[in-house]
Chemist: 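This structure is in C-alpha cells; I'll ask about it shortly.
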Amino acid sequence: MNGKSVLTISLEDISVLLDAFLPDYDFYARNPCKVAIDLIGSYLVSTDHEGVTAIRIVEVEAYGGEDDPASHAFRGLTKRNAPMWDSPGRSYVYFTYGMHYCFNVVTSPKGVAGAVLVRAGQPIQGVDIMTRRRGRSFLRDLCSGPAKLCQAMGIDSTLSNVILDTPRLCILIPRNRKQIEIERSARIGIRNGLNLPWRFYEKDSVWISAKTLNPA
DNA sequence: GATCCGATTCGCT
DNA sequence: GCGAATCGGATCG
C-alpha cells in the first residue's frame with residue numbers, strides 16, 4: 001500500500017481488507033453493556049496521513065449515565081461529556097492526566113448517556129506506524145491499554161464526537177465472527193462503581209491491558 | 001481565581 | 001509497588 005492510496009483509501013477497501021461491515025444505528029442504540037460485549041472481536045480502524053491502523057478489540061468497559069458513579073455522565077451534562085448524550089454510533093474521546101487520550105463508542109438512544117471505553121486490542125494493520133508512534137516495538141505493548149491504543153492509532157480529542165462510519169475512524173464487524181468466550185470483571189482505574197462488573201474481555205487473550213495479565 | 005484530581009503510563013526502587 | 005508527568009475540567013468560593 002503506497003502513500004497515495006493511503007490518502008484515498010475508501011471504506012469499501014478497508015471493509016474488503018478486513019472482511020467486515022459497518023454496524024447500523026440500532027447496533028449502537030442499546031444498553032452499553034450489550035454493545036460492549038458485541039464490540040469484542042470487532043475492528044477499530046483509524047486512517048490519517050501516516051496510513052491505516054486497525055486493531056481487533058479484546059477488552060472494553062461499559063459506562064452508564066447519571067446512575068453510574070464511575071461515569072463521566074454521573075454529574076450531568078458538561079461541554080466535555082456532551083457526546084455521551086448525543087446520538088449513538090459516534091466517538092467520545094477525552095483527555096486525561098495531562099497527557100493521555102481515551103476512546104469511547106457512544107451507545108444508548110439519543111438523550112440517554114452511555115458509552116463503551118475501548119481498553120485494548122490486537123494490532124491488525126499498520127504495526128509499523130503504531131511502533132513508531134508508541135516508541136516501542138514489543139507488539140503486546142502497542143495497544144494494551146486505553147491511552148496506549150489512542151497513541152498507537154493517532155486518536156486525540158479532535159476526533160471526539162465524530163460519527164464512526166468513515167476510514168478516518170470507524171468500527172467494523174467481521175462477517176463471520178466465531179463465538180468468543182467473554183469474561184467480566186469490575187472496571188479498572190475507578191474509585192466508585194466497583195461493584196458493577198462492567199468490564200468485558202476475551203478469555204485467555206494475551207492482548208488485554210497489562211494490569212490483568214498477571215492476576216494475583 | 002484557587003484547588004483538586006483523573007476511565008493512565010512509564011521508569012525507578 | 002510507588003511516584004512523577006502534566007493540564008483541562010469540575011467544583012467551590
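Chain identifiers are assigned alphabetically (A, B, ...) following the order of the sequence lines, protein sequences preceding nucleic acid strands; residue numbering begins at 1 within each chain. Side chains included, hydrogens not; waters and symmetry mates left out as well; all remaining heavy atoms used.
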Chemist: Could you write out each protein N or O paired with an N or O of nucleotides 4-9 of chain C at a distance under 3.5 Å?
Modeler:
residue: dT6(C); atom: O2; partner: Tyr97(A); partner atom: O; Å: 2.5

Chemist: Under the 6.0 Å and 45° cation-pi test, does Arg30(A) pair with Phe27(A)?
Modeler: yes
Chemist: Could you write out each protein N or O paired with an N or O of nucleotides 10-13 of chain B at a distance under 3.5 Å?
Modeler:
residue: dC10(B); atom: OP1; partner: Arg134(A); partner atom: NH1; Å: 2.8
residue: dC10(B); atom: OP1; partner: Arg134(A); partner atom: NH2; Å: 2.7

Chemist: In this structure, which one of Gln125(A), Glu202(A), Gln122(A) forms a side-chain hydrogen bond (donor to acceptor under 3.5 Å, both in side chains) with Arg56(A)?
Modeler: Glu202(A)
Chemist: Could you state the atom-to-atom distance from CG of Leu117(A) to C1' of dT8(B) in whole Å?
Modeler: 11 Å
Chemist: How would you list, by chain and number, every residue that makes a ring pair (Phe, Tyr, Trp, His ring centres under 6.0 Å) with Phe95(A), sequence neighbours excluded?
Modeler: Tyr101(A)
Chemist: Hey, does the side chain of Asp68(A) reach the backbone of Tyr63(A) with a donor-acceptor pair shorter than 3.5 angstrom?
Modeler: no
Chemist: What distance do Met84(A) atom CE and Thr78(A) atom OG1 have between them, rounded to the nearest 0.5 Å?
Modeler: 10.0 Å
Chemist: Between dT6(C) and dA2(B), how far is it from one P atom to the other, in whole Å?
Modeler: 22 Å
Chemist: Would Thr131(A) and Asp128(A) count as a side-chain hydrogen bond (donor to acceptor under 3.5 Å, both in side chains) if you check the C-alpha gap in whole Å, the side-chain angles of each, and the deciding distance to 0.1 Å?
Modeler: CA-CA 5 Å; Thr131(A) 297; Asp128(A) 52 336; over 6 Å; no
Chemist: Which helical stems does DNA chain C take part in, if a stem means at least 3 consecutive Watson-Crick or G-U pairs with both distances below 3.5 Å?
Modeler: B:1-6 with C:7-12, B:8-12 with C:1-5
Chemist: Whole-Å distance between dT8(B) C1' and Arg119(A) CZ?
Modeler: 9 Å
Chemist: Ignoring hydrogens, what is the shortest heavy-atom contact between Ala73(A) and Gly64(A)? Give both atom names and the distance.
Modeler: CB-O, 3.8 Å
Chemist: Give the C-alpha distance, both sets of side-chain angles, the deciding distance and a yes or no for side-chain hydrogen bond (donor to acceptor under 3.5 Å, both in side chains) between Gln151(A) and Arg134(A).
Modeler: CA-CA 6 Å; Gln151(A) 185 182 26; Arg134(A) 288 277 299 133; 2.7 Å; yes
Chemist: Apply side-chain contact (heavy atoms from CB on, under 4.5 Å) to Pro146(A) and list each qualifying residue two or more places apart in sequence or on a separate chain.
Modeler: Cys102(A), Leu117(A), Arg119(A)
Chemist: With nearest nucleotides of DNA chain B determined for Gly145(A) and Arg191(A) from heavy-atom distances, which residue corresponds to the more 5′ nucleotide?
Modeler: Arg191(A)
Chemist: Would you kindly confirm whether Met130(A) and Ile208(A) end up in one hydrophobic cluster when ILVMFWY residues are joined by side chain heavy atoms under 4.5 Å apart?
Modeler: yes
Chemist: Quickly work out the Leu149(A) CG to dA7(B) C1' distance and round it to whole Å.
Modeler: 12 Å
Chemist: Which is it for Arg199(A) and Ile190(A) under the side-chain contact (heavy atoms from CB on, under 4.5 Å) test, yes or no, and what are the steps along the way?
Modeler: CA-CA 12 Å; Arg199(A) 170 174 175 256; Ile190(A) 55 170; over 6 Å; no
Chemist: Provide the closest heavy-atom pair for Gly114(A) versus Ser108(A) in the form atom of the first, atom of the second, distance.
Modeler: CA-OG, 3.8 Å
Chemist: Might you confirm whether atom CZ of Arg75(A) has over 12 heavy atoms from other residues, nucleotides or ligands at distances under 6.0 Å?
Modeler: no
Chemist: Using the P atom as the reference point in each nucleotide, state the distance between dA7(B) and dG1(C) in Å, no decimals.
Modeler: 22 Å
Chemist: Whole-Å distance between dC5(B) C1' and Asn192(A) CG?
Modeler: 13 Å
Chemist: Considering only heavy atoms, which members of residues 61-75 of chain A lie under 4.0 Å from some atom of DNA chain B?
Modeler: Tyr63(A), Ala70(A), His72(A)
